[in-house]
Enquirer: 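Here it is: the structure, laid out below.
Remember, it's a predicted structure, so these values are computed and weren't measured experimentally.
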Protein chains: 2
Amino acid sequence: MQEIADNAGINKAMLHYYFRSKDKLFDAVFEDALKDFLPKVNELLNAELPLFEKIEHFVENYISILLENIYLPSFIIYEINQNPEKLTSLLKNKKDLHTEIFKRQINDAVKKKLIDPIDPVQLIINMIAMCIFPVIWKPIIMKIFGMSEKAFIEFIKLRKKEIPRFIINSIKKSVK
Amino acid sequence: MQEIADNAGINKAMLHYYFRSKDKLFDAVFEDALKDFLPKVNELLNAELPLFEKIEHFVENYISILLENIYLPSFIIYEINQNPEKLTSLLKNKKDLHTEIFKRQINDAVKKKLIDPIDPVQLIINMIAMCIFPVIWKPIIMKIFGMSEKAFIEFIKLRKKEIPRFIINSIKKSVK
DNA sequence: GTCTATATAGGGATAGAC
DNA sequence: GTCTATCCCTATATAGAC
């Protein structure tokens with residue numbers, strides 16, 4: 001609380017005056033982060049684009065958002081794992097991640113034999129995993145592969161093109 | 001410390017007697033977890049298997065290890081992000097993740113035109129991302145896709161086959 | 001080595017003046 | 001609304017008897 005107050009240029013008493021308690025402050029921060037983040041992601045998920053373009057569009061923009069909020073993912077993950085119930089209470093009146101349209105789109109592509117059969121949920125998780133994971137493993141990746149801060153950012157930026165290529169390569173109907 | 005002492009069936013004073021400080025206790029726990037984990041992962045990374053089989057072997061066994069230590073990944077990620085310097089000091093005298101052999105193997109496969117050109121580091125990160133990420137996003141995935149605990153574990157187990165299929169589909173030389 | 005009792009510090013929270 | 005001073009509690013850590 002002291003550190004937060006210092007950074008905000010006020011004192012602890014003021015923090016308590018505004019937010020009543022540390023817990024309430026936390027919830028406010030968390031909610032605020034999500035309020036900003038979720039709508040953007042939903043917009044990407046539900047953009048009106050053909051499947052392959054949508055994957056490219058999603059990954060490119062999602063990674064950009066992640067790079068602007070590089071500490072958010074590990075913050076969210078830590079708190080959610082500490083307190084899984086909080087997720088329910090924080091999201092219950094709000095917009096969640098809306099994956100229905102995207103799932104249907106994937107299933108349609110399978111039916112039309114544009115792509116090989118795949119469970120939409122598995123595909124979506126693969127896509128999100130490849131976007132988010134490197135960001136939260138940042139220090140480990142830098143260590144294992146001997147990257148500088150700059151090299152790491154470069155590495156992530158390359159993934160904007162690399163991940164869609166990787167995914168589309170995998171799912172597109174193979175020539176028989 | 002009280003909670004740890006209780007679970008260990010001793011008292012706080014004993015904890016301090018053994019470990020000197022909370023910080024030292026933490027380091028001991030962390031080191032212990034890594035000492036157990038890293039050698040197993042290195043073994044999987046350096047198994048003497050052809051590329052595709054190695055990917056299957058790695059993913060299958062890595063996910064099994066993760067399921068046995070389902071809280072470890074988010075614990076490690078949180079602590080490393082809090083304290084990136086600690087990673088260096090904890091690993092400096094120890095075996096790190098050894099990716100050299102695997103990287104060479106991937107490059108060889110590219111040269112022999114067994115697979116499409118790809119940066120080995122990107123491929124390795126993709127693979128690890130798809131394995132670890134769902135485990136640390138567990139509560140969020142359960143919420144978004146309405147899974148029970150049991151359904152989630154089932155979902156992860158399916159990925160033992162799903163991920164290698166997805167990767168190999170992506171990298172294997174396309175028919176021209 | 002193991003315990004009880006206690007010192008000490010730090011952080012969340014409030015009282016009360018302005 | 002904003003500040004200073006202070007309360008209160010908990011958690012780390014130690015002293016010292018056994």
Side-chain angles (χ1 to χ4, degrees), chain A residues 1-38 69-94 135-136 138-140 143, chain B residues 1-38 69-94 135-136 138-140 143:
Chain A
M1 297 296 275
Q2 187 59 60
E3 217 175 321
I4 293 168
D6 290 347
N7 283 351
I10 57 174
N11 59 38
K12 274 197 298 181
M14 273 294 96
L15 261 191
H16 280 95
Y17 177 73
Y18 284 128
F19 294 98
R20 295 280 304 165
S21 72
K22 187 181 185 181
D23 207 60
K24 291 228 173 67
L25 166 58
F26 174 82
D27 284 357
V29 170
F30 199 93
E31 227 169 304
D32 202 61
L34 286 186
K35 194 156 60 186
D36 200 50
F37 199 71
L38 278 182
N69 304 273
I70 201 153
Y71 293 111
L72 189 60
S74 38
F75 171 67
I76 290 180
I77 283 164
Y78 176 69
E79 293 303 332
I80 294 298
N81 276 292
Q82 290 293 305
N83 235 334
E85 326 81 64
K86 200 156 251 183
L87 186 64
T88 314
S89 71
L90 283 171
L91 289 183
K92 74 172 158 228
N93 294 320
K94 297 214 166 36
V135 171
I136 58 187
K138 180 182 169 197
I140 301 178
K143 178 94 170 62
Chain B
M1 298 296 273
Q2 187 59 59
E3 216 174 321
I4 293 168
D6 290 347
N7 283 351
I10 58 175
N11 61 37
K12 278 194 295 180
M14 273 293 95
L15 261 190
H16 280 94
Y17 176 73
Y18 284 128
F19 294 98
R20 294 281 305 168
S21 72
K22 187 182 183 179
D23 207 60
K24 292 228 172 66
L25 166 58
F26 173 83
D27 284 357
V29 170
F30 198 93
E31 225 169 305
D32 202 61
L34 285 187
K35 195 156 60 185
D36 200 48
F37 199 71
L38 277 182
N69 304 274
I70 201 153
Y71 294 112
L72 190 58
S74 37
F75 172 68
I76 290 180
I77 284 164
Y78 176 69
E79 293 302 335
I80 294 299
N81 276 291
Q82 289 293 304
N83 234 335
E85 327 79 65
K86 199 157 252 182
L87 186 63
T88 314
S89 70
L90 283 171
L91 289 183
K92 73 173 161 229
N93 295 318
K94 297 218 163 37
V135 171
I136 56 187
K138 180 183 170 197
I140 301 178
K143 178 95 170 59

Enquirer: I'd like to know if the side chain of N83(A) pairs up with that of E79(A) as donor and acceptor (distance under 3.5 Å, no hydrogens or angles considered).
Expert: no
Enquirer: Can you confirm whether I80(A) sits close enough to F30(A) that some side-chain heavy atom of one is under 4.5 Å from a side-chain heavy atom of the other?
Expert: yes
Enquirer: Any salt bridge between D23(B) and K86(B), counting N to O under 4.0 Å?
Expert: yes
Enquirer: Take atom OH of Y18(B) and atom C1' of dC3(C), then tell me their distance rounded to the nearest Å.
Expert: 12 Å
Enquirer: Distances under 3.5 Å between protein N/O atoms and the N/O atoms of nucleotides 10-18 of chain C, please, pair by pair.
Expert:
residue	atom	partner	partner atom	Å
dG12(C)	OP1	K22(A)	NZ	2.6
dG12(C)	OP2	M1(A)	N	3.2
dG12(C)	N7	K12(A)	NZ	3.3
dA13(C)	OP2	H16(A)	NE2	3.1
dA13(C)	OP2	K22(A)	N	2.7

Enquirer: Write down the distance between CG (N11(B)) and P (dA11(D)), rounded to a whole number of angstrom.
Expert: 16 Å
Enquirer: Flag the pair K35(B) / D32(B) as yes when at least one side-chain heavy-atom distance between them is below 4.5 Å, and no otherwise.
Expert: yes
Enquirer: Specify the separation, in whole Å, of atom CE of M14(A) and atom P of dC3(D).
Expert: 6 Å
Enquirer: Taking the six-membered ring for Trp, are the ring centroids of Y78(A) and Y71(A) within less than 6.0 Å of each other?
Expert: no
Enquirer: Could you check how far CZ of F26(B) sits from P of dT12(D), rounded to whole Å?
Expert: 14 Å
Enquirer: Using whole Å, report how far CG of L15(B) lies from P of dT2(C).
Expert: 12 Å
Enquirer: Between E3(B) and N7(B), do the side chains contain an N or O donor and an N or O acceptor separated by less than 3.5 Å?
Expert: no
